[in-house]
Amino acid sequence: MNQAYSAEQMKNFIKKRYEGAFLRKAPQDALFVEGPPGVGKTVGVKEAAKEFAAKYGFKFADISESSGSELERLINEKDVFIFYDLNLSTREPSDISGIPRIDDKSGYVHMIPPLWVKLMEKHPGMLFVDEITNVQRPDLLTIGFKLIGEKLAGDSKLNNNIMIITAGNPREHNYLANALPAPLINRMQVLRIKEPTKEEWFNYAKQRYPGIPADITAYMSSIASRPVKVSEEEAFSTPRSCERYLKILSDMLYIDPHIDARQLSSMMEGIISQEDHYAFIGYYRERNIIIKYLQEGREIDDPAARWAASVYLGSLIREHYNTYSKGSSEVFAARYGIIDTERLPEVVSRIASKQEEHLVPLVLGAQLFTAGQSPIESYKPAIFLIELANGKNVQEAFKEAQSEKDLTIADWHNRFDESVTDVFKKHAKTKPAEAIAKAVSRSAVNQYTNVLEDILRKVVRVDENVERYIGKEAADQLRRFYKEDFSTNLELVQEKAVDNILLKKKQSQNSLRI
């Protein structure tokens, strides 16, 4: 099995698989997701369940987090979508098959099922069977075999619209992990889950912890995206432990925004690997110096620090644009002046003249057409960045960006090339500016085609998934646009339109290589 999925890709895969069977009124088949610990398997499956429930008007109920009285109320409710996280390695057989009781009238023995089974007999949903590879007891495996293969829990059969998703770790990541029996594997589709990319983890973490400086989040994204190296003796780094690190860091910075590196180190030790922890603390201690290196054109040896410094530069440029929009540049210069404002065009041009590895974090830090960012709000800051690469100072670059008319959602949707990428190309007058324009255009094309593909496959439906791409405000504008311009015959949107979008994405990405 060569293909590996990120947690986000796994989530979308599960939603499509569930939706296909649901609409066909066919039984849901089982999945097995295998991957290192802490890469987002549990969160991804739960998100898939939530998003499906929202799309089809179900009330989402995570019964793993509900009390007994709440569960009893759900039995008789309508339009409920159940999610249950069942950690098989910590359960007893009776937690699944139920408890035997003698019927007072007939004298026969029957099984009284657990409440979660009763709910999943009646309602659609997803059953997440976690840590299946850690199960050491043959009796639990036998019961699990019946549950996964036949949807039988004791005498009870789960609803056909229950999808069972099992999860486990490969042996190299967990010394307790066992190979699953071949007959069980043969009853499931197997998905291999990989670590997120730096961009994926950065976008996720930036939305979760917006108060943390972008370069610090970027440094952690470099750690979170590395292959997981499991340790049986000490803390080790995973996307999950990196998020915990960032959460606690957020708590510490909230108490003391200027906490010194030595105190921070003692508070943060034991969450990620010792090597990664000390590397991060080193960056935290020297980050102003490292960013100065970026200004002076000096080489930054640590790849994670190089990535973080470029993200910082992008975030600084976006802050400059936002501040000039509000007319308060003096306050900004005093507060964020690690890189001299007058040298900003020189630094941007130098960065753009180097390898592409500097351009991706630059665009990411500036939040230009990235996940959750409105294309309307990204448009003029992108022109501002391109003009800086042309060598114009901050005031001149801002003036050039403001000279363009505002981008509307209708122009973005109907005349994307003419209204977006062609405008970026027009503003690029130097080689560094051309490189920036291509990098920004590629980010814009990815966002645009992701949205259009998602909408068209759902026959002009703008749902929560679209908000993940372009933010709620832009998604609301898009909803209004579709309501005004596509008020009738929505079903006439053909698969051919989707194919054209995908072809455009491939052609655009090829033409935008740097």
Side-chain angles (χ1 to χ4, degrees), residues 6-8 35-44 46-47 130 169 173-174 193-291 300-312 314-315 361 364-365 367 370-372:
S6 68
E8 180 72 14
V39 295
K41 297 187 291 294
T42 305
V43 172
K46 185 174 178 178
E47 284 297 309
D130 202 5
N169 310 129
H173 289 120
N174 187 343
I193 311 303
K194 63 181 179 180
E195 295 82 359
T197 65
K198 285 186 287 192
E199 294 93 327
E200 287 170 339
W201 200 88
F202 176 86
N203 283 325
Y204 167 79
K206 190 64 184 164
Q207 291 181 56
R208 290 292 301 271
Y209 305 100
I212 292 183
D215 62 305
I216 289 178
T217 303
Y219 195 97
M220 289 306 300
S221 74
S222 289
I223 297 173
S225 60
R226 294 173 188 161
V228 173
K229 295 179 181 178
V230 174
S231 170
E232 298 172 13
E233 299 175 355
E234 60 182 14
F236 56 94
S237 301
T238 68
R240 179 172 56 206
S241 63
C242 285
E243 182 178 356
R244 190 181 311 118
Y245 195 95
L246 213 57
K247 188 268 178 192
I248 296 173
L249 177 62
S250 182
D251 296 341
M252 295 299 100
L253 292 177
Y254 184 82
I255 297 170
D256 182 1
H258 306 290
I259 186 171
D260 68 79
R262 181 177 297 182
Q263 186 181 359
L264 184 65
S265 180
S266 65
M267 296 296 296
M268 303 294 294
E269 200 167 2
I271 304 171
I272 58 178
S273 75
Q274 194 172 51
E275 179 185 358
D276 288 336
H277 167 68
Y278 286 129
F280 171 80
I281 293 298
Y283 175 77
Y284 180 83
R285 182 187 297 114
E286 306 293 340
R287 60 192 286 252
N288 287 3
I289 296 172
I290 290 169
I291 291 164
I300 302 171
D301 294 330
D302 178 7
R306 193 161 59 240
W307 170 271
S310 295
V311 166
Y312 170 84
S315 68
L364 200 63
Q367 294 289 277
T370 52

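Just so it is clear, the structure is predicted and the values come from calculations on it, not from any experiment.
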Look at the side chain of Ser222 and the backbone N and O of Ala305, then say whether any donor-acceptor pair between them is shorter than 3.5 Å.
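Side chain of Ser222 to backbone of Ala305, a donor-acceptor pair under 3.5 Å: no, none is there.
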Ignoring hydrogens and geometry, is there a side-chain-to-backbone donor-acceptor pair from His277 to Ser265 under 3.5 Å?
yes
Assess the residue pair Glu195 and Val228 against the criterion (side-chain contact (heavy atoms from CB on, under 4.5 Å)); give the C-alpha distance rounded to whole Å, side-chain angles, the decisive distance to 0.1 Å, and a yes or no.
CA-CA 8 Å; Glu195 295 82 359; Val228 173; 3.6 Å; yes
Rounded to the nearest 0.5 Å, how far apart are [atom1] of [X] and [atom2] of [Y]?
| X | Y | atom1 | atom2 | value |
| --- | --- | --- | --- | --- |
| Ile212 | Lys206 | CD1 | NZ | 8.0 Å |
| Arg226 | Asp276 | CZ | CG | 5.0 Å |
| Ser310 | Ile300 | OG | CD1 | 7.0 Å |
| Arg306 | Asp301 | CZ | CG | 8.0 Å |
| Glu234 | Ser273 | CD | OG | 7.5 Å |

For atom CE of Met252, decide whether the heavy atoms of other residues, nucleotides or ligands shown that lie under 6.0 angstrom number more than 12.
yes
With Glu243 via salt bridge (Lys or Arg N to Asp or Glu O under 4.0 Å) - residues at least two apart:
Arg208
Can you list the residues that meet the salt bridge (Lys or Arg N to Asp or Glu O under 4.0 Å) rule with Lys46, with sequence neighbours excluded?
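With sequence neighbours excluded, Lys46 shows a salt bridge (Lys or Arg N to Asp or Glu O under 4.0 Å) to Asp62, Glu65, given in chain and number order.
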Which pair of non-hydrogen atoms, one from [X] and one from [Y], has the smallest distance, and what is that distance?
| X | Y | result |
| --- | --- | --- |
| Leu253 | Pro213 | CD1-CD, 4.4 Å |
| Trp201 | Pro196 | CD1-CG, 3.7 Å |
| Ala224 | Pro239 | O-CG, 3.4 Å |
| Thr197 | Ser225 | C-CB, 3.8 Å |
| Gln207 | Ala371 | NE2-O, 3.5 Å |
| Tyr284 | Pro257 | OH-O, 4.4 Å |

Among Val311, Leu246, Leu249, Asn203, exactly one meets side chain to side chain contact (heavy atoms under 4.5 Å, CB included) together with Thr217. Which residue is that?
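Output: one option passes, namely Leu246.
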Not counting sequence neighbours, which residues clear side-chain contact (heavy atoms from CB on, under 4.5 Å) with [X]? List them please.
| X | answer |
| --- | --- |
| Ala7 | none |
| Asp251 | Lys247 |
| Lys41 | Val33, Val39, Ala167, Asn169, Ile193 |
| Gln274 | Glu269, Tyr278 |

Taking side chain as C-beta onward, heavy atoms only, is [X] less than 4.5 Å from [Y]?
| X | Y | answer |
| --- | --- | --- |
| Phe202 | Leu364 | yes |
| Ile272 | Met220 | yes |
| Val230 | Pro36 | no |

Evaluate the ring planes of Tyr245 and Phe280, with Trp represented by its six-membered ring, and classify them as parallel (under 30°), tilted (30 to 60°) or perpendicular (over 60°).
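Aromatic pair Tyr245/Phe280 classed perpendicular.
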Steps toward side-chain contact (heavy atoms from CB on, under 4.5 Å) verdict (Arg287, Ile216)
CA-CA 9 Å; Arg287 60 192 286 252; Ile216 289 178; 4.1 Å; yes
